[in-house]
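Here is the structure we will look at, set down as structure tokens.
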Amino acid sequence: MTATAPVTAAFGLPGGALVAGEWQTGGLTFAVSDPHDGSRAGWVARNDAADVDAAVRAAARAVTEPWPLWQRREALEEAARLVRDEAPWLAGIISTEGSKTIVEAEREVRRCAETLRLSAAAGSVLRGEVLEFADTERGADKRGWFVRAPLGVIAAITPFNDPLNLVAHKAGPALIAGNAVVVKPADATPHSALALAEILLRAGVPSARVAVVCGDAETGNALVTHPGVAAISFTGGPATAARIAAAAGPRKLLMELGGNNPVLVSGTADLDTAAGAIVAGAFGCAGQNCLSVQRVYADASIHEGLLARITAGTGALKVGPKTDRATDVGPMISEAEAARVEAWVDAALAGGARAHTGARREGSYYHPTVLTDVPTGADVLVREVFGPVVTVVPVASAEEAIAAANSAQALQAGIFTGVLDEALSTADRLHAGAVVVNGTSDVRIDSMPFGGFKSSGIGREGVRFAVEAMSEPKCTIIAGGPPPQSTVNRTQ
């Protein structure tokens, strides 16, 4: 373990890391700040390669110990109950160390409980089948079946923007499938992951089946390169994903990598509904959401009316402290991130773009911004902004809107129209992991298959689909000849 330091774990947590079933109470040298003003939110461990090795080895040993499916299900059901009971504590952690308002944090806690409940129910995915060996000449004298077996140790690399629920989306499916999980949370928001781990242990998850290692990229690299890790589940950006894939080598990768999400608004759409949904979808969580609305393609016949509604709705949003329940938009995760968004918007404005509202920064706060006339190739149009910026573009036809929407990688997309045939035709032609009709890209039900195409990810999250990805079919085959004699005494 890292050398000890006289720092107490924050938020009433038992430690600043969870390694090999033991809470680390000393050596808490990694500082965590509140993005509102940079004040100290707490300290966690800066785990090194030796800590990671200890966590993975203990997790690998734990996987070999019996833990029946019914006990896994009951533990996750209990964890879901505890999350609901501990909602004020958890929401306070999320909002203090992260960038969510208290209202957004409370919403995330409710989703986390739902994710754990769905994970418990997903034990039904772990079904096997009898193998039809009699359907081939070479198998006629054989009998067999398969079951779904756990992979082993799952490495979970989680982001700052949903620091509790996205840990649950990895840990819940991993555990119900019979795996162990070692979590490396975002360095900005580690306490949320530690709090969930504490609840999982309290709920009955065996201590070494879950670990949380904290620190920076060095900690994460030690985890994804460890030979004892069977699969890596990562949520984050494409650049980090490329480094993980190169470092990890040939092992299973599950990756959700975000996208530049479009919304298409036709001339038959209800503009009040569309504008309200676009404002909510673009600026929730200060735009730091992989499903955030970034590009709006509006039919030229309704462009001005839609733009006026979006601008008015955006201008009415309250920017302010996370603790104020009236706040709509809180800070970004850091002043550096807010400065990056500011630079991208300023570059677009210098190239001829027009800002209808926003376009200003105050420390880590960036005011919600609506742009038009953005030049082709500007970062705010072609890259994932991950901040409170939306661009509205007029289009002459549905064909032009679809071509423009497909020009950048989208995780999900939205369509607003009053014509069903148009909705279905457009949905078929959009290249995205999900298309929401009369809604924006910012829709996720935790049971749905979640992910995109191409560089937006590898595989699918969503509880049932993650359980399938975190388990594999394992066959048992009885060769020809009489079956082995049972050793069970069947006499009464």
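Position 1 is the first residue of the sequence; numbering continues from there.
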Minimum-distance pair of heavy atoms, taken over all atoms of Met448 and Ala434 = CE-CB, 4.1 Å

Begin with the C-alpha distance, continue with both residues' side-chain angles, and end with the deciding distance and a verdict on side-chain contact (heavy atoms from CB on, under 4.5 Å) for Lys142 and Ile478.
-> CA-CA 6 Å; Lys142 297 177 176 62; Ile478 300 175; over 6 Å; no

Could you state the interatomic distance from CG (Asp53) to CG (Asp48), rounded to the nearest 0.5 Å?
-> 10.0 Å

Would you check if the side chain of Glu78 reaches a backbone N or O of Ala203 as a donor-acceptor pair within less than 3.5 Å?
-> no

Any donor-acceptor N/O pair, Lys322 side chain to Gly98 backbone, under 3.5 Å = yes

Does Thr101 offer a backbone N or O that forms a donor-acceptor pair with the side chain of Glu106 under 3.5 Å?
-> no

Residues two or more places apart in sequence or in another chain: which of them pass side chain to side chain contact (heavy atoms under 4.5 Å, CB included) with Ala155?
-> Leu223, Val229, Ile232

Would you mind reporting whether Leu254 and Glu461 have side-chain heavy atoms less than 4.5 Å apart?
-> no

Does one side chain, of Asn261 or Arg295, offer a donor that lies under 3.5 Å from an acceptor on the other?
-> no

Heavy-atom count around Leu69 CG within 6.0 Å, excluding the residue itself: above 12?
-> yes

Sub-4.5 Å side-chain heavy-atom contact between Tyr366 and Val389 = yes

Side-chain contact, heavy-atom cut-off 4.5 Å: Asn406 with Leu430?
-> yes

Expected list for residues 239-247: side-chain donor-acceptor pairs under 3.5 angstrom, two or more places apart:
from   : atom 1 : to     : atom 2 : distance (Å)
Thr240 : OG1    : Arg243 : NH2    : 3.2

The complete set of ring-ring contact (aromatic ring centres under 6.0 Å, His included) pairs with one or both residues in residues 44-65, sequence neighbours excluded, reads none

Can you list the residues that meet the side chain to side chain contact (heavy atoms under 4.5 Å, CB included) rule with Asn179, with sequence neighbours excluded?
-> Pro150, Leu151, Ile154, Ala174, Ala177, Met470

The reported gap from SG in Cys112 to CD in Glu114 (rounded to nearest 0.5 angstrom) is 10.5 Å

Is it true that Glu256 and Arg460 make a salt bridge, defined as a side-chain N closer than 4.0 Å to a carboxylate O?
-> no

NZ or CZ of Arg340 within 45° of Trp344 ring axis and under 6.0 Å = yes

Is Arg361 salt-bridged to Glu337, cutoff N-O under 4.0 Å?
-> no

Say you draw a straight line from NE2 of His169 to CG of Leu118; how long is it, rounded to the nearest 0.5 Å?
-> 8.0 Å

Asn260 side chain to Leu381 backbone, donor-acceptor under 3.5 Å | yes

Restricting to pairs with a member in residues 87-109, which pass ring-ring contact (aromatic ring centres under 6.0 Å, His included), not counting sequence neighbours?
-> none

Sequence neighbours excluded, the answer for side chain to side chain contact (heavy atoms under 4.5 Å, CB included) partners of Glu108 is Ile94, Lys100, Asp162, Pro163, Leu164, Asn165

Going by atom types only, do Asp442 and Thr440 share a side-chain donor-acceptor pair under 3.5 Å?
-> no

Can you tell me how far CG of Asn289 sits from CD of Gln294, rounded to the nearest 0.5 angstrom?
-> 11.5 Å

List the atom pairs, with distances to 0.1 Å, where a side-chain N or O of residues 278-288 and a protein N or O form a donor-acceptor pair under 3.5 Å, not counting sequence neighbours.
from   : atom 1 : to     : atom 2 : distance (Å)
Gln288 : OE1    : Ile333 : N      : 2.9
Gln288 : NE2    : Ser99  : OG     : 2.9
Gln288 : NE2    : Cys285 : O      : 3.2

Close side-chain approach of Arg202 and Glu86, heavy atoms under 4.5 Å = yes

Worked check of side-chain contact (heavy atoms from CB on, under 4.5 Å) between Leu28 and Val44 | CA-CA 5 Å; Leu28 307 187; Val44 296; 5.5 Å; no

Pair Glu132 + Arg143: basic N to acidic O under 4.0 Å | no

Glu468 bridged to Arg464 by N-O distance under 4.0 Å = yes

Below 3.5 Å, can you tabulate the donor-acceptor pairs from side chains in residues 119-129 to any protein atom, sequence neighbours excluded?
from   : atom 1 : to     : atom 2 : distance (Å)
Ser119 : OG     : Thr115 : O      : 2.8
Ser124 : OG     : Ala121 : O      : 3.3
Arg127 : NH1    : Ser124 : O      : 2.7

Test item: Thr476 side-chain N/O and Lys474 main-chain N/O as donor-acceptor pair under 3.5 Å | no

Mind listing the closest non-hydrogen atom pair of Leu131 and Phe146 along with its distance?
-> CD2-CD2, 3.7 Å

Polar side chain donor-acceptor pair, Arg40 to Ser33, under 3.5 angstrom = yes

Please set out all donor-acceptor pairs under 3.5 angstrom arising from side-chain atoms of residues 451-458, sequence neighbours excluded.
from   : atom 1 : to     : atom 2 : distance (Å)
Ser456 : OG     : Phe453 : N      : 2.8
Ser456 : OG     : Phe453 : O      : 2.6

Crowded around Arg57 CZ? As in, over 12 foreign heavy atoms under 6.0 Å?
-> no

Would you say the side chains of Ser192 and Glu97 form a donor-acceptor pair under 3.5 Å?
-> yes

Judged by modelled atom types alone, do Ser233 and Lys252 share a side-chain donor-acceptor pair under 3.5 Å?
-> no

Show your working on side-chain contact (heavy atoms from CB on, under 4.5 Å) between Asp328 and Val319 and close with a plain yes or no.
-> CA-CA 6 Å; Asp328 298 301; Val319 179; over 6 Å; no

Residue pairs meeting ring-ring contact (aromatic ring centres under 6.0 Å, His included), one or both in residues 178-229, sequence neighbours left out, come to Phe11-His191

Heavy-atom side-chain contact between Phe160 and Asp187 under 4.5 Å | no

Once you round to the nearest 0.5 Å, how far does CG of Leu76 lie from CG of Leu200?
-> 7.0 Å

Side-chain contact, heavy-atom cut-off 4.5 Å: Ile157 with Thr235?
-> no

Do Glu77 and Arg117 touch side chain to side chain, with heavy atoms closer than 4.5 Å?
-> no

Side-chain donor or acceptor of Arg84 paired with backbone N/O of Arg110 under 3.5 Å | no

Are any non-hydrogen side-chain atoms of Leu411 and Phe450 less than 4.5 angstrom apart?
-> yes

With Pro321, which residues qualify under side chain to side chain contact (heavy atoms under 4.5 Å, CB included), at least two apart?
-> His36, Thr323, Thr327

Working to the nearest 0.5 Å, report the span between CG of Leu18 and CG of Asp51.
-> 11.5 Å

Any pair with a residue in residues 203-218 that passes side chain to side chain donor-acceptor pair (under 3.5 Å), sequence neighbours left out, goes on the list, sorted by first then second residue, please.
-> Arg46-Asp216

Flag, side chain of Ser95 to backbone of Ala91, donor-acceptor distance under 3.5 Å = no

Between Gln409 and His431: side-chain donor-acceptor atoms closer than 3.5 Å = no

Do Asn47 and Gln24 have side-chain atoms, one donor and one acceptor, less than 3.5 Å apart?
-> yes

